[in-house]
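Worksheet: the structure to be examined is printed underneath.
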Amino acid sequence: MTTLVLAGHGTRSARGEETLAGLRDLVRRGRRGTRVEQAFLEISSPSLADMLPCLPGPVVVVPLLLAGGYHVHIDLPSVVASARPDAVVAAPLGPHPLLTAVLARRLSAAGLRGADSVILGAAGSSDPAALADVRAAARLLSVRLSRPVTAAFAATGTPSVGEALERLRSGPAPRVALASYLLAPGFFQDRLESSGADLVAAPLGVDADLAALVWARFDQARLASMAVGLDRGARPADVGTPA
């Protein structure tokens with residue numbers, strides 16, 4: 001049986017840890033015959049490096065990360081290569097239409113109106129590819145909401161959330177809404193909520209669409225791994241069977 005490991009960055013927020021645990025539990029309920037574990041790259045426990053060697057059988061690691069960047073391209077592969085080199089690492093969660101659906105629901109719950117301008121607020125990254133992923137997510141949300149959506153960043157990346165707010169406040173929209181492109185409460189959600197936007201949506205959190213996306217990434221990674229094994233001449237039994 002293949003084990004799914006949800007690999008998060010880690011947080012010092014108790015509410016953030018509770019949210020991620022709730023997401024893990026929701027993912028578990030999606031396929032009760034598959035083992036699902038959760039581990040972290042830093043700060044929170046258990047650590048991914050400690051957990052991976054203890055797991056039996058094939059392992060697929062699904063990053064609980066919304067865009068590429070250092071953790072996706074450097075940190076996570078390094079941990080897996082050292083602790084469990086036979087494990088398969090899936091793609092990050094975003095951008096994806098299922099995330100777009102969750103973002104739209106969070107904005108609606110926060111009170112989004114038809115005339116509001118919208119910012120998609122993310123943590124940010126020094127990796128241009130990660131920023132491009134966030135901008136792609138903003139384009140998906142723009143199509144969903146039938147209005148422009150500006151990608152902005154709470155830490156690294158331009159424009160900053162403050163710069164985007166200032167620019168949009170000079171336009172015709174009566175209010176500026178801020179969609180949270182974050183998984184859980186914590187440091188960056190606090191930054192978004194103190195930005196001065198007229199409304200700030202909750203983070204993605206525990207949602208059935210997010211759990212479905214985790215399973216989609218799991219399936220994609222596992223099937224890609226099986227295809228590589230077959231290309232190298234392995235028999236189907238040598239590359240495992242679906243969990």
Side-chain angles (χ1 to χ4, degrees), residues 6-11 16 20 40-43 48 61-82 88-104 106-107 117-145 147-171 176-184 186-195 197 200-201 203-204 210 213-214 216-217 220-221 224:
L6 299 167
H9 173 267
T11 177
L20 294 175
F40 300 91
L41 290 167
E42 56 186 61
I43 305 173
L48 183 64
V61 179
V62 177
L64 287 184
L65 300 165
L66 298 173
Y70 173 80
H71 292 299
V72 168
H73 300 303
I74 305 295
D75 197 12
L76 180 57
S78 176
V79 170
V80 172
S82 297
V88 176
V89 181
L93 297 179
H96 196 279
L98 286 171
L99 293 177
T100 306
V102 182
L103 289 167
R106 298 290 180 266
L107 281 168
S117 291
V118 177
I119 295 171
L120 180 65
S125 172
S126 59
D127 185 339
L131 303 184
D133 282 347
V134 177
R135 294 184 180 111
R139 290 193 292 273
L140 288 174
L141 186 58
S142 175
V143 172
R144 177 69 177 248
L145 300 178
R147 74 188 80 183
V149 174
T150 301
F153 305 94
T156 306
T158 56
S160 68
V161 171
E163 289 167 342
L165 276 168
E166 182 177 1
R167 184 169 72 246
L168 290 173
R169 289 205 184 282
S170 65
V176 179
L178 185 52
S180 173
Y181 200 50
L182 302 168
L183 283 172
F187 177 77
F188 290 112
Q189 181 67 20
D190 291 345
R191 279 199 172 186
L192 296 185
E193 291 176 358
S194 64
S195 66
V200 179
L204 294 160
L210 190 51
L213 177 55
V214 168
R217 294 300 193 216
Q220 290 162 1

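Below, all heavy atoms of this structure are taken into account, side chains as well, without hydrogens, waters or symmetry copies.
Contact of the Tyr181 side chain with the Leu99 side chain is registered, since non-hydrogen atoms from C-beta on lie closer than 4.5 Å. Annotation: side chain of Leu183 is in contact with side chain of Leu64 (closest heavy-atom distance under 4.5 Å). Within the 4.5 Å cutoff, no side-chain heavy atoms of Val118 are placed close to those of Leu168. Inter-residue side-chain proximity for Thr11 and Ile43 is flagged as unmet; no heavy-atom pair is nearer than 4.5 Å. Using a 4.5 Å heavy-atom threshold, the side chains of Ile119 and Val149 count as separate. With a 4.5 Å cut-off on side-chain heavy atoms, Phe153 and Leu131 count as touching. By the 4.5 Å heavy-atom criterion applied to side chains, Ser125 and Thr156 are not counted as neighbours.
Under the rule for a salt bridge (charged side-chain N to carboxylate O under 4.0 Å, His left out), Arg191 has no partner lying at least two apart in sequence or in another chain. Considering only residues two or more places apart in sequence or on other chains, Ala7 meets the side chain to side chain contact (heavy atoms under 4.5 Å, CB included) condition with Leu48, Val61, Leu76. Listed by chain and residue number, Glu42, His71 satisfy the side-chain hydrogen bond (donor to acceptor under 3.5 Å, both in side chains) test with His9 (two or more places apart in sequence, or in another chain). Under the rule for a side-chain hydrogen bond (donor to acceptor under 3.5 Å, both in side chains), the partners of Ser180 that lie at least two apart in sequence or sit in another chain are Gln189. Applying the side-chain hydrogen bond (donor to acceptor under 3.5 Å, both in side chains) rule to Arg135 yields no partners; only residues at least two apart in sequence or on another chain are considered.
Between atom CG of residue Leu165 and atom OG of residue Ser117 there is a gap of 10.0 Å, rounded to the nearest 0.5 Å. Summarising the geometry, atom CG belonging to Leu98 is positioned 11.0 Å from atom CG belonging to Leu103; distances are rounded to the nearest 0.5 Å. Rounding to the nearest 0.5 Å gives a distance of 5.0 Å between CG of Leu41 and CG of Asp75.
Within the structure, salt bridge (Lys or Arg N to Asp or Glu O under 4.0 Å) contacts touching residues 153-169 (residues at least two apart or in different chains) are Arg169-Asp198.
Although no hydrogens or angles enter the test, the distance criterion places a donor-acceptor pair under 3.5 Å between the side chain of Asp133 and the main chain of Gly68. Judged by distance alone, with hydrogens and angles left aside, the side-chain atoms of Ser142 form a donor-acceptor pair with the main-chain N or O of Arg147 at under 3.5 Å. Side chain of Arg217 to main chain of Leu93: a donor-acceptor pair is present (N/O by atom type, distance under 3.5 Å, no hydrogens or angles). Here the side chain of Arg106 pairs a donor or acceptor atom with the backbone of Pro203 at under 3.5 angstrom.
Minimum interatomic distance between Val200 and Ala197 (heavy atoms only, all atoms of both residues): CG2-CB, 4.0 Å. Here the closest heavy-atom approach between residue Leu107 and residue Ala177 is recorded as CD2-CB, 4.2 Å. When all heavy atoms are compared, the tightest approach of Ala67 to Ala130 is CB-O, 3.7 Å. Residues Leu140 and Pro97 share a closest heavy-atom pair of CD1-N, 4.2 Å. Between Ala138 and Leu120 the shortest heavy-atom distance is N-CD2, 3.5 Å. Leu204 approaches Leu210 most closely through the heavy-atom pair CB-CD2, 4.3 Å.
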